[in-house]
Amino acid sequence: MESITYNLLRGQSSDQYYQDISTFTDYTIQLLAGFQGVIKSFRDLSGQRGTEDSDLEYGLELLTIGILWQVYGPFACREADSSFPQQEKLHFRVQFQSSNLKQLLKWLLGTGEFTETTKRLQAWAAFLSAQAAVFQERILKEVSEVAARFTTQGKLALGVYTKNVASFLEVHLPAHLGKEDYVFCGRREEEYHLNMVGAEIMNRAFQSSFLLSKRKAVLIPICLRQPKTNCQMQECSQGEYHCRGCSEACPVNKVTSLGEEDNFQVVIIPHESMVFAGNNAASVFQNTGVVGVACVTTLLENGWKAKALGIPVQCVPLDYSGCKSHWHSGISTNLNLKELSRILDI
Ligand code: SF4
């Protein structure tokens with residue numbers, strides 16, 4: 001099987017990945033425990049947001065700040081040129097301070113890829129800018145150090161699943177220059193690891209509210225189907241698709257059959273941008289726990305989008321990426337049905 005950037009399979013299955021991500025998430029949670037003091041101060045000063053989220057989520061946000069600063073900070077804070085030459089070596093340094101954090105968030109928002117992430121991180125930028133300079137400096141230094149350790153240890157623990165990312169960036173990303181998906185396809189290896197751990201942290205944080213939901217739905221991307229030329233899928237109303245079960249081996253068919261047996265709805269999503277899209281997403285999924293099956297790089301953004309809409313969400317990453325819209329070829333993707341069943345508690 002051709003692997004484009006990441007691939008969770010070891011041999012025929014991704015079972016080992018789920019053990020590895022669980023272990024590395026435990027390590028990351030220990031790393032984030034050092035943020036307890038600043039999280040308490042943030043909670044005390046942040047009004048409503050101080051009570052509705054767990055320390056785990058806040059720790060994940062601080063880690064996200066550190067990783068995004070590491071990857072994009074210097075580009076975002078260059079005054080004259082905000083273009084993003086992914087492969088350029090950074091020969092300049094920009095001091096990580098709260099005014100630069102605000103500039104980073106503005107730049108990320110402008111890419112269109114980090115809308116929900118940015119919304120959450122803006123509260124941290126506001127909190128930090130209200131603090132004394134010495135406190136800001138200390139916290140941002142700690143955030144940078146934690147991000148650096150996460151990057152090093154993530155490479156050791158999860159690098160086996162993302163070993164094609166660097167060559168994709170070098171060989172194929174230049175062809176995306178000037179295209180809408182340049183930032184989407186240009187994610188660095190540590191961003192893949194951040195999304196993997198972020199999805200696991202969210203799964204743990206939101207598990208109880210998900211399991212308590214009256215109804216369950218699984219959102220699956222259209223790239224899970226068998227090659228388009230053979231697929232008999234029909235569009236039954238605008239944007240809604242019906243699998244006709246033409247192939248027993250097709251992952252869409254397997255998830256659909258599981259949904260019929262175990263009473264959950266299956267929604268086929270034609271494009272990633274349509275996940276929780278539209279003003280009525282919150283009412284469509286009212287009282288519904290939703291499992292999002294998606295490409296690794298979209299997990300964090302979509303998880304926070306669901307959280308903002310009040311939807312109890314869980315994530316299952318695709319075993320590998322493959323849709324033709326973004327990657328250099330179109331291949332049918334897959335998911336770990338054992339993990340999906342575990343998440344759904346069936
Ligand atoms: S089983 Fe469903 S999704 Fe898969 S190829 Fe057939 S119609 Fe398409």
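Counting convention: from 1, in listed order, for ligands and their atoms alike. Hydrogens, waters and symmetry mates are skipped; everything else that's a heavy atom, side chains included, is used. Since we're looking at a predicted model, the values are computed, not measured.
- The closest side-chain donor-acceptor pair between Asp15 and Asn336 falls under 3.5 angstrom.
- Asp262 has no carboxylate O lying under 4.0 Å from a charged side-chain N of Lys216, or vice versa, which leaves the two without a salt bridge.
- Between the side chain of Thr288 and the backbone N or O of Val290 there is no donor-acceptor pair closer than 3.5 Å.
- Proximity to Cys231 (heavy-atom distance under 4.0 Å) selects the following atoms of ligand 1: 3 (S), 5 (S), 7 (S), 8 (Fe).
- Ligand-side atoms of ligand 1 in range of Asn253: 1 (S), range being under 4.0 angstrom from any heavy atom.
- Residue contacts to atom 4 (Fe) of ligand 1: Cys250 brings an N, O or S atom closer than 2.8 Å.
- Using a cut-off of 2.8 Å, one finds that Cys246 contributes an N/O/S atom close to atom 6 (Fe) of ligand 1.
- Residue Ser247 has at least one heavy-atom neighbour below 4.0 Å for each of these atoms of ligand 1: 1 (S), 6 (Fe).
- Listed by number with element, the atoms of ligand 1 under 4.0 angstrom from any heavy atom of Arg225 are 3 (S).
- Residue Gln232 approaches ligand 1 through these ligand atoms, each under 4.0 Å from one of its heavy atoms: 7 (S), 8 (Fe).
- Under a 4.0 Å criterion applied to the non-hydrogen atoms of Arg244, ligand 1 contributes the atoms 2 (Fe), 7 (S).
- To the nearest 0.5 Å, the span separating OG1 on Thr111 from CZ on Phe184 amounts to 11.5 Å.
- Side-chain contact, Asp20 with Tyr161: a donor N or O sits under 3.5 Å from an acceptor N or O.
- For ligand 1 and Cys243, the ligand atoms under 4.0 Å from any heavy atom of the residue are 1 (S), 2 (Fe), 3 (S).
- The residues Arg342 and Glu339 are annotated as salt-bridged, a charged nitrogen and a carboxylate oxygen being separated by less than 4.0 angstrom.
- A salt bridge does not link Lys141 with Glu137: every distance from a Lys NZ or Arg NE/NH1/NH2 to an Asp or Glu carboxylate oxygen is 4.0 Å or more.
- Those atoms of ligand 1 that come under 4.0 Å of a heavy atom in Gln226, given as number and element, are 5 (S).
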